[in-house]
Amino acid sequence: QVQLVESGGGLVQPGGSLRLSCAASGFTLDYYAIGWFRQAPGKEREGVSCISSSDGSTYYADSVKGRFTISRDNAKNTVYLQMDSLKPDDTAVYFCAARPFYYCSDYGVFADAMDYWGKGTLVTVSS
């Protein structure tokens with residue numbers, strides 16, 4: 001059974017850090033690009049970051065560039081999103097999603113292009 005499971009969310013103060021994990025089961029991530037998306041209450045889902053399967057190329061939304069870092073460990077079948085200098089505006093449910101052979105370009109990462117989704121993990125940035 002194909003499954004993506006996010007973990008690592010929680011409550012953090014502004015300026016703090018969290019590392020989210022996206023663990024895959026039922027398939028190998030080697031040939032899949034992984035996108036991270038987030039959805040805040042009352043807002044549309046936003047593509048935050050993406051990492052390609054082919055050459056490891058990455059994409060970051062302007063809102064997180066310089067603060068978030070995406071990485072993958074194919075041996076652990078897991079992708080990570082390191083989030084530093086967190087702001088209250090980063091508060092949202094974070095989802096990871098996968099699609100085979102998808103290339104993450106500077107144009108962004110799009111939800112309707114993804115094949116598999118996790119159920120999300122809540123990140124709350126508040127003092």
Side-chain angles (χ1 to χ4, degrees):
Q1 181 182 0
V2 172
Q3 197 172 15
L4 291 171
V5 179
E6 303 93 339
S7 61
L11 174 64
V12 63
Q13 292 187 342
S17 298
L18 284 173
R19 188 178 79 158
L20 305 184
S21 299
C22 173
S25 60
F27 68 105
T28 177
L29 282 181
D30 293 40
Y31 305 108
Y32 284 76
I34 296 295
W36 281 99
F37 299 79
R38 66 186 181 186
Q39 189 163 19
K43 295 188 177 181
E44 293 187 357
R45 190 167 295 191
E46 172 191 16
V48 172
S49 184
C50 182
I51 186 165
S52 302
S53 61
S54 55
D55 59 1
S57 61
T58 58
Y59 160 81
Y60 297 97
D62 287 343
S63 57
V64 306
K65 200 171 292 184
R67 300 188 297 120
F68 289 12
T69 304
I70 192 170
S71 62
R72 62 192 302 149
D73 185 339
N74 287 347
K76 295 184 177 180
N77 227 29
T78 300
V79 170
Y80 304 98
L81 186 68
Q82 177 67 41
M83 306 188 298
D84 298 319
S85 302
L86 284 161
K87 305 175 182 179
D89 284 349
D90 296 317
T91 295
V93 177
Y94 284 72
F95 303 86
C96 65
R99 174 170 174 163
F101 306 114
Y102 182 84
Y103 186 75
C104 301
S105 72
D106 291 341
Y107 294 107
V109 58
F110 304 99
D112 57 5
M114 297 290 122
D115 290 339
Y116 304 116
W117 287 84
K119 294 183 178 181
T121 185
L122 176 63
V123 172
T124 304
V125 184
S126 175
S127 55

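Source: prediction; values computed, not measured. Just so it is clear, the values below take in all heavy atoms, side chains as well, and ignore hydrogens, waters and symmetry mates.
- Under the 4.5 Å side-chain criterion, counting only non-hydrogen atoms from C-beta, Tyr32 is not in contact with Asn77.
- With salt bridges taken as basic N to acidic carboxylate O contacts below 4.0 Å, one links Lys65 and Asp62.
- Here the CZ atom belonging to Arg67 is positioned 10.0 Å from the OG atom belonging to Ser17, to the nearest 0.5 angstrom.
- For the atom pair Asp112 CG and Arg99 CZ, the distance stands at 9.0 Å (nearest 0.5 Å).
- Between the CD atom of Glu46 and the CZ atom of Arg38 there is a distance of 4.5 Å, given to the nearest 0.5 Å.
- Residues Phe68 and Leu86 meet the side-chain proximity criterion, which asks for heavy atoms closer than 4.5 Å.
- Note on Tyr60 and Tyr107: separate hydrophobic clusters, where clusters join Ile, Leu, Val, Met, Phe, Trp and Tyr whose side-chain heavy atoms are under 4.5 Å apart, directly or indirectly.
- Closest heavy-atom contact between Pro14 and Ser126: CD-C, 3.6 Å.
- Between Tyr102 and Asp115 there is no side-chain heavy-atom pair separated by less than 4.5 Å.
- The CG atom of Asp89 lies 9.0 Å from the OG atom of Ser63; values are rounded to the nearest 0.5 Å.
- Tyr116 and Val48 fall within a single hydrophobic cluster, where Ile, Leu, Val, Met, Phe, Trp and Tyr are joined by side-chain heavy atoms under 4.5 Å apart, directly or via other members.
- By the 30° and 60° cut-offs, the orientation of the rings of Phe95 relative to Trp117 is perpendicular.
- Here the CD atom belonging to Gln82 is positioned 12.0 Å from the OG atom belonging to Ser49, to the nearest 0.5 angstrom.
- Counting only N and O atoms by type, the side chains of Ser21 and Thr78 include no donor and acceptor under 3.5 Å apart.
- Residues Val123 and Ile34 share a single hydrophobic cluster, defined by chaining ILVMFWY side chains whose heavy atoms lie under 4.5 Å apart.
- Residue Asp55 qualifies as enclosed at atom CG: its count of foreign heavy atoms under 6.0 Å is above 12.
- Between Ser53 and Pro100 there is no side-chain heavy-atom pair separated by less than 4.5 Å.
- Under a hydrophobic clustering in which Ile, Leu, Val, Met, Phe, Trp and Tyr are joined whenever their side-chain heavy atoms come within less than 4.5 Å, directly or via other members, Val12 and Trp36 fall into the same cluster.
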>> Using the rule given for side-chain contact (heavy atoms from CB on, under 4.5 Å), can you reason through Met114 versus Val109, listing the C-alpha separation, both sets of side-chain angles and the distance that settles it, and then say yes or no?
In response: CA-CA 9 Å; Met114 297 290 122; Val109 58; 3.9 Å; yes
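- Between Leu11 and the options Leu122, Thr124, Leu18, Val125, a side-chain contact (heavy atoms from CB on, under 4.5 Å) holds for only Thr124.
- Contact of the Cys104 side chain with the Thr58 side chain is not registered, since no non-hydrogen atoms from C-beta on lie closer than 4.5 Å.
- Across every non-hydrogen atom of Glu6 and Cys96, the tightest pair is OE2-N, 2.9 Å.
- Annotation: side chain of Cys22 is in contact with side chain of Leu4 (closest heavy-atom distance under 4.5 Å).
- Atom-to-atom distance recorded for Ser57:OG and Ile70:CD1 is 10.0 Å, nearest 0.5 angstrom.
- Taking all atoms of both residues into account, the shortest heavy-atom contact from Ile51 to Val79 is CG2-CG1, 4.2 Å.
- Put simply, the side chain of Leu29 reaches to within 4.5 Å of the side chain of Arg72, judged on heavy atoms.
- For the pair Arg45 and Phe37, the cation-pi criterion (under 6.0 Å, within 45° of the ring axis) is not fulfilled.
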